[in-house]
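Heavy-atom basis, side chains included; hydrogens, waters and symmetry copies ignored. Sequence lines set the chain letters: A, B, ... in the order given, protein chains first and strands last, and positions in each chain run from 1.
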Number of protein chains: 2
Amino acid sequence: MMKNYAHSTRLLVAIDCIIFGFDGEELKLLLIKRRFEPEKGKWSLMGGFVNEEEDLEVGAERILHELTGLHNIYVEQLQTFGKVDRDPVERTLSVVFFALINIHNHDEESVKSHSACWISLKQMPKLIFDHEKMVQIALERLRYKAALHPIGFELLPEQFTIPQLQKLYEAIYDLKLDRRNFSRKILSTGLLLDTGEKNANSATKKAILYRLNKEKYESNFNNFWYFMPVTT
Amino acid sequence: MMKNYAHSTRLLVAIDCIIFGFDGEELKLLLIKRRFEPEKGKWSLMGGFVNEEEDLEVGAERILHELTGLHNIYVEQLQTFGKVDRDPVERTLSVVFFALINIHNHDEESVKSHSACWISLKQMPKLIFDHEKMVQIALERLRYKAALHPIGFELLPEQFTIPQLQKLYEAIYDLKLDRRNFSRKILSTGLLLDTGEKNANSATKKAILYRLNKEKYESNFNNFWYFMPVTT
DNA sequence: CTAATATTGTGTTGTTTTGACACATTTATG
DNA sequence: CATAAATGTGTCAAAACAACACAATATTAG
């Protein structure tokens with residue numbers, strides 16, 4: 001048995017971030033064009049190495065802020081990818097986080113300066129290394145969580161309508177939902193507060209604008225809600 | 001921006017394993033007495049460093065096998081703990097896995113030789129570093145998953161009775177369930193196959209022994225089942 | 001000004017699922 | 001053979017759900 005840590009191998013550790021956004025129609029990812037070798041110029045997740053004196057969550061925050069200009073966004077650790085040969089240069093672990101942001105909130109300048117783009121999940125290009133696998137697992141996690149917890153609101157503006165929320169869920173799960181049943185289910189959670197206002201940008205009947213009941217959202221976040229129809 | 005990896009810090013990376021077992025009454029953890037400094041002699045999770053040419057999952061398997069003598073057990077990556085000061089000797093990341101095993105299957109010799117012990121969750125001693133936090137999060141994950149997926153069977157013998165399964169769920173969630181409703185719910189999943197045999201070690205009416213419908217278990221594992229009563 | 005069209009809000013209905021509860025059966029024990 | 005403890009199964013009312021219909025609102029075309 002080892003007596004101290006002297007003989008153990010030290011490894012490179014990266015942080016990669018999967019950033020989801022929703023434009024009202026489609027679920028999108030914020031991807032960058034990699035700017036150093038190897039795989040320079042290829043599509044990639046935003047990432048960076050863990051700093052010596054920095055907690056993992058802080059590192060994720062730093063990387064997310066660097067690209068989006070945002071603070072205090074929804075971030076969750078996904079999992080760590082550690083296949084020996086996942087990076088051809090040198091073995092590198094990647095601690096992967098996924099974030100949900102309001103697609104209209106990001107800082108255009110930072111995004112431009114990183115040659116980053118919002119790309120629809122359905123038109124995702126080839127990504128470097130194992131980043132596609134990361135995205136796949138993140139999507140599974142998003143689908144999993146959004147079915148049980150009111151996580152979807154993180155992708156919407158402060159004020160939103162029920163039809164918008166429904167479109168979001170339909171985008172996440174790539175299916176159609178019954179308008180009436182969805183509305184009933186969402187309203188029954190008590191998570192929506194009527195703002196009294198209506199959605200101005202509508203060519204037909206203007207939908208009621210709601211905002212999140214933050215108190216209830218936070219105190220009941222870890223409860224199970226059943227937002228999606230159960231398919232057994 | 002960095003052009004290669006040369007200037008980035010390399011970190012020590014450990015793997016720690018949370019091993020759950022069930023003795024028919026209580027949920028237990030397999031813990032070891034640490035055999036090197038720092039914190040020598042203190043209670044700890046089983047762990048080790050990641051080998052240079054070893055995938056993370058393989059490392060977890062290796063560590064689990066070293067302690068229990070078992071292969072092919074249920075293992076899942078929990079998350080990575082990376083607080084800068086979590087290890088006083090040197091910054092060490094820990095990729096944490098949790099495992100579910102049949103408590104009667106482990107190799108007594110290996111367990112003894114590691115000064116390991118099955119300890120009830122309710123009598124858990126102080127653990128080194130952030131291992132208590134890891135256990136707490138693993139328990140949350142277990143509770144989460146077991147409410148939605150038929151993960152509990154991993155903790156039981158090949159053949160089991162419905163009352164045994166119920167006791168397991170009651171131990172996981174630390175609550176009492178209605179016998180009749182539980183039975184109805186479990187049987188309605190179609191996951192249980194009647195073996196035709198009955199439980200011999202019973203002082204009263206002998207319960208029917210079931211075994212898992214492996215086919216259905218595997219093909220439907222990622223479906224949602226709702227094993228636990230919903231408390232909103 | 002009105003009809004047509006698109007979208008939103010709300011109600012109904014029959015079926016299924018759930019939670020609370022009761023009773024009969026099995027088996028070791030005295 | 002009566003008792004005690006545990007197991008298997010049944011009932012019933014309330015709640016939740018999926019499927020569906022209709023009325024209200026707003027824009028646009030004529």
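- Toward the 5′ end of DNA chain D lies the nearest nucleotide of B:Q164, the other residue of the pair A:S188 and B:Q164 mapping further downstream.
- Atom-to-atom, OH of B:Y226 to C1' of C:dG19 comes out at 18 Å; the value is rounded to the nearest Å.
- Judged by distance alone, with hydrogens and angles left aside, A:R184 brings no side-chain donor or acceptor close enough to the base of C:dG9 to form a pair under 3.5 Å.
- One N or O on the side chain of A:E132 and one on the backbone of A:L127 form a donor-acceptor pair closer than 3.5 Å.
- Of the N and O atoms on the side chains of A:Y74 and A:E76, at least one donor lies less than 3.5 Å from an acceptor on the other residue.
- Nucleic acid contact for B:I162: none, since no nucleic acid atom lies under 4.0 Å from a heavy atom of the residue.
- If you measure from atom CG of B:L209 to atom C1' of D:dG8, you get 15 Å, rounded to the nearest angstrom.
- If you check distances only, the side chain of A:R180 never reaches the base of C:dG11 with a donor-acceptor pair under 3.5 Å.
- Spacing between atom CZ of A:F182 and atom P of C:dT10 amounts to 15 Å, rounded to whole angstrom units.
- Under a 3.5 Å cut-off, the side chain of B:Q166 and the backbone N or O of B:L177 do form a donor-acceptor pair.
- C:dT8 atom P lies 18 Å from atom CD of A:E197, rounded to whole Å.
- Under the 3.5 Å distance criterion, the side-chain polar atoms of B:H149 are matched with a main-chain donor or acceptor of B:N223.
- The side chain of B:I208 sits closest to D:dG8 out of D:dC17, C:dT27, D:dG8.
- Taking each heavy atom of B:A60 and B:I15 in turn, the nearest pair found is N-CD1, 3.8 Å.
- Rounded to whole Å, atom P of D:dG8 lies 13 Å from atom CD1 of B:I186.
- Between B:D178 and A:D178, the one whose closest nucleotide on DNA chain C sits nearer the 5' end is A:D178.
- When the nucleotides C:dA22, D:dA18, C:dA6 are ranked by their closest atom to the side chain of B:R179, C:dA22 comes out on top.
- Between the CG atom of B:L177 and the P atom of C:dA20 there is a distance of 11 Å, given to the nearest Å.
- Taking only side-chain nitrogens and oxygens, A:K205 never comes nearer than 4.0 Å to OP1 or OP2 of D:dA23.
- Between the CG atom of B:N181 and the P atom of D:dT7 there is a distance of 16 Å, given to the nearest Å.
- The interatomic distance linking B:K206 (NZ) with C:dA28 (C1') rounds to 7 Å, in whole Å.
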